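Down below is the structure, laid out as structure tokens.
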Amino acid sequence: MHNPVEPQLEYVFTITAEIERPRSAGLSPTGERLHIPIIGGTVTGPKLKGRILPGGSDWPIIGSDGNSTIEAHYSIEADDGTLIYVVNKAKRVSSPEITSRLRSGEITEPDQYYMRGAPVFDAPDGPHSWLRNRIFICSLAPAGKQIKIDVYVVG
């Protein structure tokens with residue numbers, strides 16, 4: 001019997017999303033739901049270049065422990081005009097002090113919290129179809145009105 005392939009990570013691109021201030025949708029049994037509009041941004045890297053289209057949203061839930069379950073939906077327009085739909089589900093785990101600093105928009109060193117995700121890309125047939133045929137993970141770093149997302153393909 002053969003052993004499974006050991007997964008390797010390869011950096012493919014960085015998403016820098018421009019966001020508006022979070023708005024609270026109120027408390028529920030699962031926590032506080034926020035709405036964070038995604039209004040633009042860029043995609044740069046060796047495997048994809050383009051821009052983030054306005055109109056996306058992030059809908060995190062902040063649990064009673066202060067940690068977040070994140071789900072963002074938005075679109076990338078690649079440099080060649082291809083539209084790519086993105087759903088990124090992520091987790092943010094941090095101390096109450098760091099959570100407060102992040103929520104106020106203060107720039108906080110990424111080693112002060114855990115923020116990782118698993119984006120899924122829906123790309124049409126053509127040069128970007130590889131995006132729908134791979135598993136990706138990402139590391140996120142919010143910084144005021146932007147969030148930087150380094151994306152890696154799992155090989």
Side-chain angles (χ1 to χ4, degrees), residues 7-79 82-123 128 131-132 134-155:
Q8 304 294 313
L9 297 180
E10 177 189 354
Y11 167 75
V12 288
F13 51 85
T14 295
I15 297 167
T16 304
E18 298 170 13
I19 57 176
E20 289 187 350
R21 69 171 184 78
R23 294 178 52 197
S24 178
L27 294 174
S28 73
T30 57
E32 180 185 14
R33 171 76 71 182
L34 298 181
H35 173 234
I36 304 171
I38 300 169
I39 58 172
T42 60
V43 179
T44 57
K47 302 285 186 178
L48 184 66
K49 292 179 179 30
R51 67 186 185 113
I52 305 300
L53 297 177
S57 293
D58 184 3
W59 292 91
I61 295 177
I62 301 174
S64 59
D65 59 1
N67 298 323
S68 295
T69 301
I70 298 161
E71 186 167 332
H73 296 250
Y74 53 96
S75 296
I76 294 171
E77 181 179 28
D79 277 354
T82 302
L83 297 178
I84 302 163
Y85 175 60
V86 183
V87 176
N88 193 5
K89 294 184 179 186
K91 292 279 187 191
R92 189 215 16 95
V93 179
S94 60
S95 69
E97 174 192 351
I98 296 299
T99 298
S100 177
R101 289 170 55 191
L102 287 168
R103 194 155 179 194
S104 72
E106 185 179 330
I107 296 175
T108 305
E109 291 299 318
D111 64 357
Q112 302 271 317
Y113 53 88
Y114 175 89
M115 198 167 183
R116 306 289 186 274
V120 175
F121 301 93
D122 182 359
H128 306 294
L131 289 163
R132 67 174 189 247
R134 298 290 182 266
I135 300 292
F136 298 87
I137 64 166
C138 65
S139 183
L140 302 91
K145 295 186 180 246
Q146 291 187 330
I147 184 162
K148 183 178 176 184
I149 306 163
D150 286 342
V151 179
Y152 300 83
V153 64
V154 179

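Remember, it's a predicted structure, so these values are computed and weren't measured experimentally.
In this structure, OG1 on T69 lies 9.0 Å from CZ on R33, to the nearest 0.5 angstrom. Separation of atoms CD1 (I62) and OG1 (T30) is listed at 11.0 Å; rounding is to 0.5 Å. Here the CD1-CG distance, from I137 to N88, works out to 11.0 Å after rounding to the nearest 0.5 Å. Taken from OH in Y114 to CG in L140, the straight-line distance is 10.0 Å, to the nearest 0.5 Å. Interatomic distance, CG of D58 versus CD1 of I38, reported as 5.5 Å (0.5 Å rounding). With values rounded to the nearest 0.5 angstrom, M115 atom CE is found 11.0 Å from T108 atom OG1.
For the residue pair L48 and A78, the shortest heavy atom distance occurs at CD1-CB, 4.1 Å. Closest of all the heavy-atom pairs between K49 and G45 is NZ-O, 2.6 Å. Shortest non-hydrogen contact noted between I149 and Y74 is CD1-OH, 4.1 Å. Across all non-hydrogen atoms, the minimal contact from I147 to I19 is CG2-CG2, 4.4 Å. Here the shortest heavy-atom pairing between P142 and Y113 reads CD-OH, 3.3 Å.
Looking only at atom types and distance, the side chain of S57 has a donor-acceptor partner in the side chain of H35 under 3.5 Å away.
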*Please lay out, stage by stage, how F121 and F136 fare under the test ring-ring contact (aromatic ring centres under 6.0 Å, His included).*
CA-CA 9 Å; F121 301 93; F136 298 87; 5.0 Å; yes
